[in-house]
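Data block below; observations after.
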Amino acid sequence: MPYLLVLERASGTHKHSVQQALGLLTSTCSVVCLFPQVHSNKLRLAALEVPGFIFLWCLGAQRKGMVIIMKQYLSALIQKIGRLNVSIYLLLLSVGYGLYSILPYTLPKIFSGSGGLHVNPFFMVLSILSFLVVPILNYPNNLAMQSVRKYSKQVLFDDLVKKKYMYFDDMETGKIQDLFSESSFCTRSLLYSCVQFIIKHSAIIIINSTAFFNFHFLLGVTYILSYSVYFFISIVLLKKQNNRIHSTLLSASDVNSYLIDYCQNLDSIYSFRSYDKEKEKYRFLLDSEQKNYYGLQLAIDNAKLIQHIVLVFITFLQLIIFSIYSTTGIGNISFYLGLIYSIFNLRDFGGEYLSMIEMVSRLKAALKLLGYSESNEKDCHRVFISVPTNTVIAMQNVELTLGNKKIFDNASLYVNKGEHIIIRGENGSGKSTLLKVIAKILDIDSGQITYGLPSIDGIMYVSQNTNLFNRSIYENIIYPMDDANLEEVYELINIFGLNSLITSENDLFQKKPGDFGNKFSGGEKQKILIIRTLINRPHIILFDEITSSLDSNSTKVFYEMLNTRLSSSTVLFVSHDDVVDSAFDRVLEIDELHAL
């Protein structure tokens, strides 16, 4: 019995549902899955399993837009792999399945002659190759598969790094990871269910129709027409199930939604003692689900029966025509082998076609959920220039709204080079948002921000919520640089008291933050981030609650570093802790931004 999961916004008790459902999709288990709204598009991906098949539908999505997205993705993937490599692979498949298709016609010609058997070495070699070609193709298939595994994720990551900061507020890390895996899995599967499906069936049809034309013109014509009708009927029968599949999906969704609704309204149910009412409601939904599933499976069974009846008709039609018109005699074994070969390889066309459609649908939906190739225009309100002035940040008439809340209304700010400023204001007044705007993390709605910097890489934003990479302590300290002065690194480790934790080169170069267990607290993380800032010494440093987990001695050391090692850097500092104003050149109240 298939089951259903609904992917909710990651909140409350439903946080795990995204990863669970996508994990199930990736392993192609029996699952019905509905995605909620994503951004402004009402996109729902539904996956429905019935014995023998898995259906996936995109409900309420703009199909044309999704086709364009997938074309862009596949085009980028082919470019990464290399068009020449793709062409060679397709050529190998074409030659391979061509050899596979001629087996019925080479096998009878191995032995020939009268008064004794004579072996024809040419046809023997061809027959042996025909037998072995499918396992031999596994080698280029494996190479192609691993190339697609690598470059499909690379293409997605190349697009991910272009995303704006707010994209990651809407998408959980686990969901992005699962959608990467889902997209890569579907792309790899399309190698078998789409590329090989098309080449294999095309080779069989071309080789057999050519051979049948050689037997008799009418035989070749009826072969092509008959299988064209068979393919057409198979596709039509599958498409006719759309409405039935849709209603089955909805009934399964109703059952799942009811369970969520029941658990969320326990207070009312227990208060009114309405257990019998709820049991009756659930029984009704289960009856409807059972009826829809039975009807869908019955329709699929009927479609498969019709397909096989058509195949039987095609077979007998070919046999009758061959017996009447063939000039080679009805005992020609090549004809019978070719006919059997066609039936054996083409009888599962419906299932293979459906598998191809499934993978295409899943890939489209995963790319849509990832927001692949959506507009990632750079902020046109930012200007980076080298100016002969002491002003390093000039924020003029900036407007910014997040959600329904107006954060900045005609806000302006001017910061001089080397100035150290502490920013004060009530919780939620926009202090952290201001730093993110200056750091190019958030885009403004209007206005202009001018930077007196030699390059756009001279700004560093460091927050108490900034995470460390799952890399060595050394790599975390010097990031994004590849190398740094080891003496300075060890000196700063000692100054901030990390030498009791990092006691050896192995600790520094081999161990990751997680390897230290509970010894690596929030304070240690903030020390690493501060040391990273001191190693990089950017032109502009934006500290957002970076001392929140430091002890008093480490906090004192931090302020000393501001006035010594970072004296030439421009520093904007946000903190809710008691900070001595004299440690800074200026105290900026957030409300002053609107008064300039």
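- At a threshold of 4.0 Å, the pair E488-R565 counts as salt-bridged, since one of the basic side-chain nitrogens sits closer than that to a carboxylate oxygen.
- To the nearest 0.5 Å, atoms CE (M460) and OG1 (T533) are separated by 5.0 Å.
- Each of N416, V415, V587, V571 was scored for a side-chain contact (heavy atoms from CB on, under 4.5 Å) with I421, with one residue passing: V415.
- The six-membered or imidazole ring of Y474 lies away from that of Y490, with a centre-to-centre distance of 6.0 Å or more.
- Figure legend: cation-pi geometry between K164 and Y167 absent, as NZ or CZ is not positioned both under 6.0 Å from the six-membered ring centre and within 45° of its axis.
- A salt bridge links D158 with K80: the distance from a Lys NZ or Arg NE/NH1/NH2 to an Asp or Glu carboxylate oxygen falls below 4.0 Å.
- With respect to the salt-bridge test (charged N to carboxylate O, under 4.0 angstrom), the residues E475 and K511 do not qualify.
- Counting only heavy atoms from C-beta outward, the side chains of V574 and I546 never approach each other to under 4.5 Å.
- K525 pairs by the salt bridge (charged side-chain N to carboxylate O under 4.0 Å, His left out) definition with nothing, not counting sequence neighbours.
- Figure legend: R188 and F185 shown without cation-pi pairing, the cationic atom not lying both under 6.0 angstrom from the six-membered ring centre and within 45 degrees of its axis.
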Can I get a per-line list of side-chain donor-acceptor pairs under 3.5 Å for residues 394-404, giving both atom names and the distance, sequence neighbours left out?
unit_1	atom_1	unit_2	atom_2	d
Q396	NE2	Y414	OH	3.4
E399	OE1	K406	NZ	2.8
E399	OE2	N410	N	3.1

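- Side chain to side chain, S472 and Q510 fail the donor-acceptor criterion of an N or O pair below 3.5 Å.
- Looking at heavy atoms from C-beta onward, M70 lies out of side-chain contact with Y372 at the 4.5 angstrom threshold.
- Aromatic rings from F558 and F496 are positioned such that their centres are separated by 6.0 Å or more.
- Atom OH in Y258 sits 12.5 Å away from atom CG in N256 (nearest 0.5 Å).
- Pairing each heavy atom of T547 with each of F573, the nearest pair is OG1-CZ, 4.0 Å.
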